[in-house]
Amino acid sequence: MKLDELKPGQSAKILTVGGSGALRCRLLDMGITPKTNVKLIKRAPMGDPIEILIRGYELTLRNEDASLITVELLPEAVG
């Protein structure tokens, strides 16, 4: 599953970060690294960009960039 496929409120673990060159380096520098948990907070009204919560801060990504990140959906927390 790709990061851009998550629905608001869903959490996932990053498996791989795709892309190449400067884009991949920028994603890694922003803290988007394998084995990191991420949560989709919301989507813009037209669906692009998305806002995620990662490492305690909110980050906005274009869907094009988010589609390069492979994630594994985490089970929903039982409250």
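These values consider heavy atoms only, across backbone and side chains, with no hydrogens, waters or symmetry-generated copies. We number each residue from 1, following the sequence as shown.
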Would you say E5 has more than 12 foreign heavy atoms packed within less than 6.0 Å of its CD?
yes

If hydrophobic clusters are built from ILVMFWY residues whose side chains come within less than 4.5 Å, do I50 and L74 share one?
no

Measure the [atom1]-[atom2] distance between [X] and [Y] for me, rounded to the nearest 0.5 Å.
{"X": "E58", "Y": "I52", "atom1": "CD", "atom2": "CD1", "answer": "10.0 Å"}
{"X": "T70", "Y": "L15", "atom1": "OG1", "atom2": "CG", "answer": "6.5 Å"}
{"X": "I54", "Y": "L3", "atom1": "CD1", "atom2": "CG", "answer": "8.0 Å"}
{"X": "L68", "Y": "K2", "atom1": "CG", "atom2": "NZ", "answer": "7.5 Å"}

Intermediate values then yes/no, side chain to side chain contact (heavy atoms under 4.5 Å, CB included), L59 and E51:
CA-CA 6 Å; L59 179 66; E51 185 176 310; over 6 Å; no

Atom pairs and distances, side-chain donor-acceptor, residues 36-44, under 3.5 Å, sequence neighbours left out:
from	atom 1	to	atom 2	distance (Å)
T36	OG1	T33	O	2.9
T36	OG1	T33	OG1	2.9
T36	OG1	R55	NH2	3.0
R43	NH2	D4	O	2.5
R43	NH2	L6	O	2.9

Just to verify, what does K13 make a side chain to side chain donor-acceptor pair (under 3.5 Å) with, not counting sequence neighbours?
none

All side chain to side chain donor-acceptor pair (under 3.5 Å) counterparts of S20, not counting sequence neighbours:
none

Which residues pass the salt bridge (charged side-chain N to carboxylate O under 4.0 Å, His left out) test with D65, not counting sequence neighbours?
R26, R62

Taking all heavy atoms of [X] and all of [Y], pick out the closest pair and write down the distance.
{"X": "I32", "Y": "L61", "answer": "CD1-CD1, 3.9 Å"}
{"X": "S11", "Y": "L73", "answer": "O-CD1, 3.4 Å"}
{"X": "P34", "Y": "V17", "answer": "CD-CG2, 4.2 Å"}

